[in-house]
Amino acid sequence: MATDKYSSPLSDRYASEEMQYIFSQDKKFRTWRQLWIALAQTEMELGLTGEDGKPVITQEMIDEMKANALDINYEEARKREKEVRHDVMSHVYAYGLQCPKAAGIIHLGATSCYVGDNTDLILMAEALHLVRKKLINVIDRLAKFADTYKDMPTLAFTHFQPAQPTTVGKRATLWMQEFLLDLEDLDHVIGTMKLLGSKGTTGTQASFQELFQGDQEKIDQIDPMIAKKMGFSSCYPVSGQTYSRKVDTRVANVLSGIAASAHKMSNDIRLLQHLKEVEEPFEKKQIGSSAMAYKRNPMRSERIASLARYVMVDALNPAITSAVQWFERTLDDSANKRLSIPEGFLAVDGILDLCLNVVDGLVVYDQVIRKHMMAELPFMATENIMMDAVKKGGDRQKLHERIRQLSMEAGENVKIRGQENNLLELIAADPSFQLSLEELQAGMDPAKYIGRAPRQVESFLQNVVYPLLEENKHLLGIQAEIFV
């Protein structure tokens, strides 16, 4: 790695090698060459002939192009680009040097966006499938966690204030639910991705009108044939010179949604780690703080949140670019796209790897969870206590007022005097309730207050999550590598 110039931390620290390859120079220019081969094959198969009636493109030319499809002569392309200031024509020239028989027909009838835009769509589609694989694995890990802890009562929070109990597993289903919504959006975008095809300089296919001498039936077959060769079902039916930049917006919005869900989960984990109830993985030799040796900072969850904010803001780039395109195209999208799309994917890739790592190694401290629960449970049990007292002949309205007063007193003992919650003792000492301390303590089983949480977890897993995982079982089992 060069140390004397800037390099992106998305590559150096966060994204996987698999995602980095998708947006690498090799992948890009090899895809350009595959597209040139697909175009030449299509033109040959449709019987493109010259004025003499002979085929313009031969199988020998195609074979030559295929033989050199992977060996990119970068140096020749770079030298040529310095002269002509055009990346596509530089690579047409460099490819032609390797394919002297085919040099004259490479890129025939196409414009630069034929390779540039189609490649962008191909790479985005491939990257979306990798994101999908990792997202499903995150859901799988969360499902295992939720099932393991579906019955474990824990203090729930609204407004980050103690509320009616839930379970550790039920809370994980809330994280899963958001990722499942992201998966629905992701599948929709993947299912509607198309190629640009070969539409020409303003989208009218005028060059092919000329090449095929106005044969509309043959021209109509060009895009479908290219799409099939490149693994797509179809091309966008109309376009200017470029595919609509709204496609980039849709892709970036899906990435942003995944980032937001991961951010939410990571924030919850950070708060739980502060409470010492749940802790992300912490390696034996890991240092939490350079000054405070005892620290165990939730650095993985913090990194998820940090990268997620980048992705959510990055989604504005394609949206603005889409909105300001002029007529059939402008070039003010190019530099922005080179940054916003690859970096959005690289960041989400890093986020999902972190999510896999964190969920795989989550540590649950059940005794701390129980301690926090029991400190608040007397307040939450007051309605049940009041009902039990009514059954012994008490007046519901008078008991309600009395339990309110005693709750205020117990709250002051905790907040002002720093004492333990003694609400049960106060109630036991009040003759109007006719309940002993032993009877009150017998009712302090947290499982009585978690409602249908365990059942909801089981139902959610059985009816929603497990069928999805079974359908995608061929994608499961990946391991995430965290670089720092």
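We number each residue from 1, following the sequence as shown. Predicted, not measured: the structure shown is a model, and the values here were computed from it.
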Q. Are R303 and Y14 in a cation-pi setup, meaning NZ or CZ lies under 6.0 angstrom from the ring centre and within 45 degrees of the ring axis?
A. no
Q: Compute whether any side-chain donor of one residue and acceptor of the other, for D63 and Q59, lie under 3.5 angstrom apart.
A: yes
Q.
Can you confirm whether L108 sits close enough to L211 that some side-chain heavy atom of one is under 4.5 Å from a side-chain heavy atom of the other?
A. yes
Q.
Taking E280 first and then R270, would you say they form a salt bridge - that is, a charged N and a carboxylate O separated by under 4.0 Å?
A. no
(Q) Just so I know, are the side chains of V115 and H91 near enough to count as touching, which here means a heavy-atom distance under 4.5 Å? (A) no
Q) Do Q216 side-chain atoms and G214 backbone N/O form a donor-acceptor pair below 3.5 Å? A) yes
Q) Can you check whether T173 reaches K150 side chain to side chain, under 4.5 Å on heavy atoms? A) no
Q) Should R300 and D353 count as an ion pair when the cut-off is N to O under 4.0 Å? A) no
(Q) Does either side chain, that of T330 or that of D332, offer a donor lying less than 3.5 Å from an acceptor on the other one? (A) yes
Q: Check whether any side-chain heavy atom of F345 sits under 4.5 Å from a side-chain heavy atom of D349, and report yes or no.
A: no
**Q.** Passing option when R132 is tested against D182, N137, D187 for side-chain hydrogen bond (donor to acceptor under 3.5 Å, both in side chains)
**A.** D187
Q | Heavy-atom side-chain contact between H263 and M312 under 4.5 Å | A | yes
Q: List the steps, then state whether side chain to side chain contact (heavy atoms under 4.5 Å, CB included) holds for Q98 with R33.
A: CA-CA 12 Å; Q98 295 174 310; R33 292 190 173 190; 2.7 Å; yes
Q. Going by an N to O cut-off under 4.0 Å, is there a salt bridge joining E470 and K473?
A. yes
Q.
Applying side chain to side chain contact (heavy atoms under 4.5 Å, CB included) to D314 and N317, what does each step give before you reach the verdict?
A. CA-CA 6 Å; D314 184 57; N317 277 302; 3.2 Å; yes
Q: Please lay out, stage by stage, how R80 and E83 fare under the test salt bridge (charged side-chain N to carboxylate O under 4.0 Å, His left out).
A: CA-CA 5 Å; R80 185 67 172 176; E83 298 173 12; 3.6 Å; yes
Q. Is the Lys NZ or Arg CZ of R245 less than 6.0 Å from the centre of Y243's six-membered ring, within 45° of the axis?
A. yes
Q) Would you say the side-chain atoms of T158 pair up with the backbone N or O of A163, donor to acceptor, closer than 3.5 Å? A) no
Q) Quick one: does Y466's side chain get under 4.5 Å of D147's, heavy atoms only? A) yes
Q) Do P318 and I341 touch side chain to side chain, with heavy atoms closer than 4.5 Å? A) yes
Q. Should the pair R171-D268 be classified as a salt bridge under the 4.0 Å nitrogen-to-oxygen rule?
A. no
Less than 3.5 Å apart, which donor and acceptor atoms pair up between the side chains of residues 222-235 and the rest of the protein, not counting sequence neighbours?
{"from": "D223", "atom 1": "OD1", "to": "S198", "atom 2": "N", "distance (Å)": "2.8"}
{"from": "D223", "atom 1": "OD2", "to": "K199", "atom 2": "NZ", "distance (Å)": "2.7"}
{"from": "K229", "atom 1": "NZ", "to": "E45", "atom 2": "OE1", "distance (Å)": "2.9"}

**Q.** side chain to side chain contact (heavy atoms under 4.5 Å, CB included) between E343 and Y310, worked out
**A.** CA-CA 9 Å; E343 293 193 352; Y310 177 83; 2.5 Å; yes
Q. Would you call the rings of F29 and W32 parallel, tilted or perpendicular, where under 30° means parallel and over 60° means perpendicular?
A. perpendicular
Q. Would you say the side chains of Q25 and R30 form a donor-acceptor pair under 3.5 Å?
A. no
Q | Among R370, K371, E279, E277, side-chain hydrogen bond (donor to acceptor under 3.5 Å, both in side chains) partner for Y365 | A | E279
Q. After noting the C-alpha distance and the side-chain angles of L180 and V465, does the key distance pass the side chain to side chain contact (heavy atoms under 4.5 Å, CB included) rule?
A. CA-CA 9 Å; L180 286 168; V465 179; 4.2 Å; yes
Q. Are L196 and T242 side-chain neighbours, meaning at least one heavy-atom pair lies under 4.5 Å?
A. no
